Amino acid sequence: MISDEQLAAFERVVRSGGVALFPADTVYGLGCDPGDPGAIERMYKLKGREGGRPSAVMFFSLDLALESLPRPGERTSAAIGRLLPGPVTVVLPDRGGSLSSAAGELGLGVRVPRLEGVLAALARMPLPVLQTSANPSGAPDAARLSDVDTEIVSGVDIVLDGGELSGLPSTVVDLTRYDQTGEWRLLRESALSADSITKLMGA
């Protein structure tokens with residue numbers, strides 16, 4: 001169980017420019033302040049990943065995500081409400097704003113994990129993180145804290161243990177054109193199946 005004290009420490013680390021190792025609803029991840037270039041550079045160095053490649057911004061509640069993002073259109077907002085929270089990354093149009101630096105060529109990736117059981121306290125995290133999986137670039141994702149490379153564990157500022165996770169990264173859905181055309185694309189099928197996504201998008 002993640003305690004209130006651990007949650008407060010997680011928040012302090014992110015606010016102070018640190019890098020956290022934490023569980024989500026899929027795999028273990030690294031996270032930092034999405035507006036802190038130094039923290040982002042350090043996070044990518046720990047992972048052995050080149051900068052400039054897009055990562056998703058993770059919000060720990062759907063309300064916080066909807067308050068923080070440049071307002072999506074009505075159709076896209078409804079789709080976000082059907083897909084999130086859950087093991088899905090949605091790619092939204094980059095509409096500028098404070099999170100625009102996290103966007104890639106396709107748009108801005110957004111995650112809102114489903115936080116239940118031992119992870120429930122994380123839903124009270126009051127700020128987002130730029131997140132990437134806690135594995136060396138190209139290596140398997142970590143389903144348990146013990147799966148995380150020891151150099152990554154020793155290099156972060158806080159470690160939160162959420163027990164064993166599914167080990168499957170999030171499914172990625174492109175909604176960048178959804179509001180204008182109704183078109184969406186499945187960019188990666190993983191934690192949530194293509195059939196499940198199709199049903200949710202058809203709701």
Side-chain angles (χ1 to χ4, degrees), residues 10 14 19-37 39-44 46-70 72 76-77 79-115 119 122-123 125-138 141-142 152 156 160 162 165-178 184-192 197 200:
F10 182 19
V14 174
V19 178
L21 168 58
F22 67 99
D25 54 349
T26 52
V27 301
Y28 278 82
L30 299 173
C32 69
D33 181 347
D36 187 326
I40 295 168
E41 181 180 3
R42 183 174 158 221
M43 182 175 76
Y44 286 161
L46 278 172
K47 185 178 172 68
R49 169 179 165 172
E50 295 180 4
R53 294 177 57 190
S55 292
V57 177
M58 178 176 284
F59 297 87
F60 294 88
S61 75
L62 183 57
D63 286 345
L64 179 61
L66 294 175
E67 290 169 6
S68 304
L69 294 167
T76 301
S77 294
I80 291 171
R82 294 195 297 271
L83 295 171
L84 301 177
V88 177
T89 297
V90 296
V91 183
L92 305 176
D94 178 15
R95 299 185 184 277
S98 61
L99 299 174
S100 185
S101 60
E105 291 183 4
L106 291 179
L108 177 66
V110 173
R111 277 274 279 133
V112 182
R114 186 175 299 281
L115 299 167
L119 305 180
L122 287 175
M125 177 71 169
L127 67 162
V129 297
L130 185 70
Q131 60 88 36
T132 186
S133 54
N135 55 303
S137 192
D141 291 295
I152 291 178
V156 300
L160 299 180
L165 309 175
S166 73
L168 296 173
S170 62
T171 291
V172 182
V173 181
D174 180 0
L175 297 179
T176 54
R177 300 179 63 187
Y178 190 60
W184 59 274
R185 292 188 298 156
L186 185 65
L187 300 181
R188 180 177 73 191
E189 181 181 9
S190 187
L192 198 63
I197 293 293
L200 289 169

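Just so you know, these numbers come straight off a predicted model, no measurement behind them. Just so you know, these numbers use all the heavy atoms, side chains as well, and skip hydrogens, waters and symmetry mates.
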Main-chain N/O of R111 paired to T89 side chain as donor or acceptor, under 3.5 Å: no
If we ignore angles and hydrogens, is there a donor and acceptor under 3.5 Å between the side chains of D174 and T176? yes
Please give me the minimum heavy-atom distance between A24 and L165, naming the atom from each residue. O-CD2, 3.5 Å
Do the non-hydrogen side-chain atoms of P85 and L115 ever get within less than 4.5 Å of each other? no
Is any side-chain heavy atom of P72 closer than 4.5 Å to one of I80? yes
Full working for side-chain contact (heavy atoms from CB on, under 4.5 Å) between V129 and F60: CA-CA 9 Å; V129 297; F60 294 88; 4.0 Å; yes
Nearest-0.5 Å distance that lies between atom CE in M43 and atom OG1 in T132: 6.0 Å
Heavy-atom check, side chain of I40 versus side chain of C32, under 4.5 Å: yes
Please round to the nearest 0.5 Å and tell me the distance separating atom OG of S61 and atom CG of L122. 11.5 Å
Any chance CZ of R188 has more than 12 other-residue heavy atoms, nucleotides or ligands included, within less than 6.0 Å? yes
Flag, side chain of K47 to backbone of N135, donor-acceptor distance under 3.5 Å: yes
Which atoms form the tightest heavy-atom contact between V14 and P128, and what is the distance? CG1-O, 4.3 Å
For a side chain to side chain contact (heavy atoms under 4.5 Å, CB included) with R185, tell me which candidate from L106, V91, V172 qualifies. L106
With the side chain counted from C-beta on, respond yes when F22 and V156 share a heavy-atom pair under 4.5 Å apart, and no when they do not. no
When you measure from the side chain of D25 to the backbone of R114, do you find a donor-acceptor pair of N or O atoms at a distance under 3.5 Å? yes
First locate atom CD of E189, then atom OG of S170, and finally report the distance between them rounded to the nearest 0.5 Å. 12.5 Å
Verdict with supporting geometry, Y44 and L130, side-chain contact (heavy atoms from CB on, under 4.5 Å): CA-CA 11 Å; Y44 286 161; L130 185 70; 4.0 Å; yes
With heavy-atom distances below 4.5 Å as the criterion, would you say the side chains of L83 and I197 are in contact? yes
Is any side-chain heavy atom of L92 closer than 4.5 Å to a side-chain heavy atom of L175? yes
Distance (rounded to the nearest 0.5 Å) between L200 CG and T171 OG1: 10.5 Å
Note, L99 side chain near V110 side chain (heavy atom, < 4.5 Å): no
Side-chain donor/acceptor of S133 to backbone N/O of G29, under 3.5 Å: no
Give, for atom CG of D141 and atom OH of Y28, the distance between the pair rounded to the nearest 0.5 Å. 13.0 Å
Kindly say whether R49 contributes a backbone atom to a donor-acceptor pair with the side chain of S137 at under 3.5 angstrom? no
OG1-CG distance between T26 and L192, expressed to the nearest 0.5 angstrom: 11.5 Å
